[in-house]
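Data first, discussion second: the structure below is written as structure tokens.
Hydrogens, waters and symmetry mates are skipped; everything else that's a heavy atom, side chains included, is used. In what follows, chains are A, B, ... by sequence order, proteins preceding strands, each numbered from 1.
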2 protein chains.
Amino acid sequence: MSKRTVYDPTDPAFRLENSPFYLIAHADFRYHQQMDEALQHHGVSKPIYRIMTVLRERQPVSIGTLADVALTKRSTVSRIVDRMVDQGLAATAPNDADSRITDVTLTDAGQRTLDKLTPVVGEQLDRAFAGIAEADMTALLSTLRRISSNLAKADRG
Amino acid sequence: MSKRTVYDPTDPAFRLENSPFYLIAHADFRYHQQMDEALQHHGVSKPIYRIMTVLRERQPVSIGTLADVALTKRSTVSRIVDRMVDQGLAATAPNDADSRITDVTLTDAGQRTLDKLTPVVGEQLDRAFAGIAEADMTALLSTLRRISSNLAKADRG
DNA sequence: CATCAATACTTGCATCTGCACGTAATCGGC
DNA sequence: GCCGATTACGTGCAGATGCAAGTATTGATG
């Protein structure tokens, strides 16, 4: 007989509330809920903030890379960046070496907005992880990485 | 000085790839990617499958409860159920005791579809959790529950 | 250097989602 | 038993997303 874990949905004992991906979705959902509220106070949309967090680390960066890192389709990122340009948060320019590529950078206003938002998000993270031991956080990250890696493998296979 | 963890986005050492919620989103994203492919082969959309997993455990169930458990807005669930009814997967009827409530149930065809899908999803979960110790899974669930609970508290406060 | 394939992005279209509002039904105070 | 408040759901509308197709640019091949 197939000996799976209790997370096996074919098992009659299976319950959604014990299902890892349900709990992952749940944590993700609550986080987005909080983010939405916090960001709206500052007039920034969730997708725009998501792109900004990538731009914080890499700049300039192409639309394609933004899409890969932000887990969003290219066409969607293209439009999000359009909005950011409209709002004066980002600037685009064709890449010097390869003019097919659109280099995206934060404007000064965009950087200021991000700097304003970062501590707000930081406080939410403090609340989210309150009472969780450092070792447990490390284990969480490690397990999540393994799950992502397993699924990425399955993608190619 | 505020002594946060390295997951503090205000810290210059902060990196997206080490951020818990980024990794949560990443795992969620890969899972959805896999699901989409698997479900499309069976002509079932992701939102419909999501609702079905709730109906597996509770039946009949109201639109509102479906929305709460499936982490989706009521109006959206209302329309997803419409589609399920159109496709012959679900049936609706006003609740006997309170006719404001719409009781949703799976039809026989819907149950058969779910039965067909469940082992497919089970195999994906096997792949996703391959090589992860039982104790690590338990820790993962525990930490995720704590995070959700922390954020739910923050919601009310 | 001409040509075909591949890459990077953009846009038209269809779909999905959520908000705000409207309708129907139930509950509570009197 | 009646009337206002609440609850549960459905719908018009606007915004966002993804797919498929199109354009522009680069690379590879001869």
(message) Tell me whether the count of non-hydrogen atoms from other residues, nucleotides or ligands lying under 6.0 Å of CG in B/D108 goes above 12.
(response) no
(message) What is the separation between atom CG on A/L71 and atom P on D/dG18, rounded to the nearest whole Å?
(response) 10 Å
(message) From CG of A/L66 over to C1' of D/dT17, roughly how many Å is that when rounded to an integer?
(response) 17 Å
(message) Heavy-atom nearest nucleotide on DNA chain C for A/T65 versus B/N95: which residue maps closer to 5'?
(response) A/T65
(request) Give one of base, sugar-phosphate or nothing for B/T76, where a contact means two heavy atoms less than 4.0 Å apart. (result) base
(message) Tell me the interatomic distance from A/D86, atom CG, to D/dG15, atom P, rounded to whole angstroms.
(response) 13 Å
(request) Indicate if A/M137 and A/I24 have the same hydrophobic cluster label, given that clusters are the connected sets of ILVMFWY residues with side-chain heavy-atom separations under 4.5 angstrom. (result) yes
(request) Answer yes or no: side-chain N or O of B/R79 and base N or O of C/dG18 forming a donor-acceptor pair under 3.5 Å. (result) yes
(request) May I ask you to say what A/T72 touches in the nucleic acid, namely base, sugar-phosphate or nothing, with a heavy-atom cut-off under 4.0 Å? (result) sugar-phosphate
(request) Could you say whether A/I101 or B/K73 is positioned toward the 5' end of DNA chain C, judged by the nucleotide with the nearest heavy atom to each? (result) A/I101
(request) Mind calculating the distance between CD1 (A/I63) and C1' (C/dT7) to the nearest angstrom? (result) 14 Å
(message) Output the rounded distance in Å from CD (B/E37) to P (D/dC19).
(response) 12 Å
(request) Could you tell me whether A/F21 and B/F129 have their ring centroids closer than 6.0 angstrom? (result) yes
(request) Tell me what A/S75 touches on the nucleic acid: a base, only sugar-phosphate, or nothing, going by heavy atoms under 4.0 Å. (result) base
(message) Pairing donors with acceptors under 3.5 angstrom, does anything connect the side chains of A/N18 and B/R145?
(response) yes
(request) Round to the nearest Å and state the distance from B/D96 atom CG to C/dA25 atom P. (result) 15 Å
(message) Using only atom types and a distance under 3.5 Å, with no angle test, would you say the side chain of B/Q33 pairs donor to acceptor with the backbone of B/F29?
(response) no
(request) Starting at atom NZ of A/K46, determine the distance to atom C1' of D/dA16, rounded to an integer number of angstrom. (result) 11 Å
(request) Ignoring the backbone of B/P47, work out which of C/dC9, C/dT17, D/dT26 is nearest its side chain. (result) C/dT17
(message) Does D/dA16 have OP1 or OP2 under 4.0 Å away from a side-chain N or O of A/R83?
(response) yes
(message) Both B/G64 and A/D98 contact DNA chain D. Which one's nearest nucleotide lies toward the 5' end?
(response) B/G64
(message) For a quick check of understanding: with a heavy-atom distance under 4.0 Å over all strands, which category does B/S62 fall into, base, sugar-phosphate or nothing?
(response) sugar-phosphate
(request) In whole angstrom, give the distance that lies between atom CD1 of B/I80 and atom P of C/dT17. (result) 5 Å
(message) Would you say B/R74 places a side-chain N or O within less than 4.0 Å of OP1 or OP2 belonging to D/dA8?
(response) yes
(request) For the side chain of A/R100, starting at C-beta, report the closest nucleotide among D/dA24, C/dC9, C/dA25. (result) D/dA24
